[in-house]
Amino acid sequence: MPDVYLSHRHLGEIRQRVEAGAQPWADAHARLVAAADEAMQQEPLHVRMNGGSPYFRVDGVYLNNQDGVHDPDADTEGRKLAGRTSDASWTLALAYQLTGNTAYADHALTLIHTWCINQNTRMFPTGRVQDAATPGGAYGGDVVMFASFRKLFLAAYLLDDYGGWDLRSRAGVVRWIKAMLDPQRELMYFNGREMYNNWEDERLLYLACGALAIRDLDLLRYTFDRFVHTLPMKMTDEGELHRETMRTRSMSYTLMSLHGSLALAEIARAYGVDLYDVNINGRTLKLAADYAAAGLLDMASWPHKMIRPLGDEFVKGGSRMSVFELAHRQWGEPRYMQIIEQHGGRPVTADHATLLYAER
């Protein structure tokens, strides 16, 4: 593991707090270990379990021309298989780094090798959602892939210094990740214009996590520079992420965008690059976080469309609450902690955010 992002020093400080019984780290660590023990029971999964194809195929999750309305018949099994592999690998790799238990590392590698390089189970690394899973079905787009694999990339990054990882298999995984990244170095366009919505935020985070795993500093720098380029375009002077609020699940997409941006800013911070407080004509990441925070604290006054309420992903430490754990660590606003408390409380288990980023 290159000793920059999630460095040995950072993880060592967390370990000391856990050993001292300090909160919220002790509870968050207990949740991590419990999740890792559960992941130890997970059998290796592979993409070919969904129909036999070695390609990553996923149906579009929404009904045609009905933004935000899920298609109950959509085949998203490939995404679920990838997500379970990615989540378990990341949890096991982090648990190994914090506990030293090599059984966690070994099982993480079993999951990664089965998905990425073992000949009879590997996913062919095209770096795209190859097609719809259902012949003739709706194509969902690469954003599904971004979310499905970034944690697998982080797991490989965390395991890079594990002495039990054979050089040949490690090199094979690095080649697989590189093949997954290369097609996504191209900009995405919509109606001839550069995309700067949550798809782009997720693309940059995907590329950054992959860059960590393959030690590509030029690619990492590209993601930071691209973030700065898109920042003023994706928000109004009030901090509204207008490409998200125009949609039918406006807060959900706003938080998705913020998640990608804040997670990328945290990686950049480790490399001495400040994306948290980039200010372009008064437009900042904090301004966008504050706009969303005001809405979450009073959803009755949120002026944008929500065709259904915020779901379980926003409670019980759900997937977007890591946004406000990072925001609280960076800016210390009480309102961010208030949001966490209203939506499940600490520890925020998504991205193991409380364990890794709690400072106050």
Side-chain angles (χ1 to χ4, degrees), residues 2 4-6 56 79 82-83 86-87 89-91 93-94 127-129 141-158 177-178 180-188 194-231 233-235 241 243-244 252-271 273-276 278 285 288-289 292 313 318-327 329-330 348 350-353 356-357:
V4 186
Y5 177 64
L6 298 181
F56 191 59
R79 180 191 69 182
S86 191
D87 288 347
S89 300
W90 152 243
T91 292
L94 182 58
R128 302 282 186 193
V129 175
D142 291 340
V143 69
V144 172
M145 184 188 70
F146 302 151
S148 297
F149 291 108
R150 63 179 179 82
K151 290 182 182 178
L152 187 149
F153 298 163
L154 287 177
Y157 169 74
L158 285 175
I177 293 174
K178 185 177 185 301
M180 289 290 287
L181 298 176
D182 284 346
Q184 294 300 334
R185 295 171 187 255
E186 299 177 6
L187 290 181
M188 297 186 296
E194 293 180 25
M195 293 184 72
Y196 50 88
N197 67 338
N198 61 57
W199 282 44
E200 178 69 353
D201 298 320
E202 289 292 315
R203 182 183 77 96
L204 293 180
L205 181 58
Y206 169 89
L207 288 174
C209 292
L212 291 173
I214 67 172
R215 306 189 189 192
D216 189 334
L217 295 180
D218 284 332
L219 179 56
L220 203 58
R221 184 189 63 182
Y222 162 78
T223 67
F224 303 158
D225 291 346
R226 177 70 183 165
F227 171 90
V228 174
H229 175 73
T230 61
L231 179 68
M233 295 189 291
K234 65 186 180 184
M235 72 174 66
L241 300 179
R243 298 296 294 179
E244 318 308 333
S252 301
Y253 294 119
T254 292
L255 292 175
M256 181 179 178
S257 177
L258 283 172
H259 175 265
S261 295
L262 283 157
L264 182 67
E266 185 61 23
I267 294 172
R269 187 179 74 91
Y271 284 85
V273 177
D274 183 8
L275 299 184
Y276 277 113
V278 169
L285 191 50
E313 69 268 29
S319 58
R320 302 309 177 204
M321 286 304 101
S322 60
V323 166
F324 294 99
E325 194 70 87
L326 282 166
R329 186 204 58 77
Q330 179 65 22
V348 175
D351 298 333
H352 304 291
L356 294 176
Y357 307 124

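Computed from heavy atoms alone, side chains included, the values below leave out hydrogens, waters and symmetry copies.
At least one side-chain heavy atom of Leu205 sits less than 4.5 Å from a side-chain heavy atom of Ile267. Contact check for Leu326 versus Tyr276: side-chain heavy atoms found under the 4.5 Å cut-off. At a threshold of 4.5 Å between non-hydrogen side-chain atoms, the residues Phe227 and Ser261 count as touching. At least one side-chain heavy atom of Met180 sits less than 4.5 Å from a side-chain heavy atom of Phe153. Contact of the Arg269 side chain with the Asp274 side chain is not registered, since no non-hydrogen atoms from C-beta on lie closer than 4.5 Å. Residues Val228 and Leu275 meet the side-chain proximity criterion, which asks for heavy atoms closer than 4.5 Å. Side-chain contact check for Glu325 versus Gln330: every heavy-atom pair is 4.5 Å or farther apart. With contacts defined as side-chain heavy-atom distances shorter than 4.5 Å, the pair Leu356/Asp351 does not qualify.
If you take CG on Leu152 and CD1 on Ile177, they are separated by 6.0 Å, rounding to the nearest 0.5 Å. Going from atom CG of Asn197 over to atom CZ of Arg243 covers 6.0 Å, rounded to the nearest 0.5 Å. Here OG1 of Thr230 is found 9.0 Å from CE of Met235. Values are rounded to the nearest 0.5 Å. Rounding to the nearest 0.5 angstrom, the gap separating the CG atom in Leu258 from the OH atom in Tyr253 is 15.0 Å. The distance from the CG atom of Leu212 to the OH atom of Tyr5 is 7.5 Å, given to the nearest 0.5 Å. Between the CG atom in Leu217 and the OH atom in Tyr271 there is a gap of 6.0 Å [rounded to 0.5 Å].
Evaluation of the side-chain hydrogen bond (donor to acceptor under 3.5 Å, both in side chains) rule for Tyr196 yields no partner, not counting sequence neighbours. Here Asp182 pairs with Lys178, Arg185 under the salt bridge (Lys or Arg N to Asp or Glu O under 4.0 Å) rule; sequence neighbours left out.
The shortest heavy-atom contact between Thr223 and Leu220 is OG1-O, 2.7 Å. Of all heavy-atom pairs between Asp142 and Val129, the closest is OD1-N, 2.8 Å. Among all heavy-atom pairs drawn from Tyr206 and Gln184, the shortest one is CE2-CG, 3.8 Å. Contact record, Ala208 with Leu264: CB-CD1, 3.5 Å, taken as the closest heavy-atom pair. When all heavy atoms of Tyr222 and Arg203 are compared, the pair lying nearest together is OH-NH2, 2.8 Å. Between Ser86 and Ser148, the shortest heavy-atom contact is CB-O, 3.1 Å.
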Legend entry - Glu266/Leu262 under side-chain contact (heavy atoms from CB on, under 4.5 Å): CA gap, chis, key distance, verdict: CA-CA 6 Å; Glu266 185 61 23; Leu262 283 157; over 6 Å; no
Legend entry - side-chain contact (heavy atoms from CB on, under 4.5 Å) assessment of Leu158 paired with Trp90: CA-CA 8 Å; Leu158 285 175; Trp90 152 243; 3.4 Å; yes
Inset, instruction - Apply side-chain contact (heavy atoms from CB on, under 4.5 Å) to Phe149 and Val144, showing your working. - result: CA-CA 9 Å; Phe149 291 108; Val144 172; over 6 Å; no
Inset, instruction - Start with the C-alpha distance between Lys234 and Glu200, add both sets of side-chain angles, then the distance that settles salt bridge (Lys or Arg N to Asp or Glu O under 4.0 Å), and finish with yes or no. - result: CA-CA 10 Å; Lys234 65 186 180 184; Glu200 178 69 353; over 6 Å; no
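For the pair Arg128 (side chain) and Pro183 (backbone), a donor-acceptor distance under 3.5 Å is present. Between the Asp216 side chain and the Leu219 main chain, a donor and an acceptor come within less than 3.5 Å of each other.
For Glu194 and Arg226, the salt-bridge test passes: some basic side-chain N is under 4.0 Å from an acidic carboxylate O.
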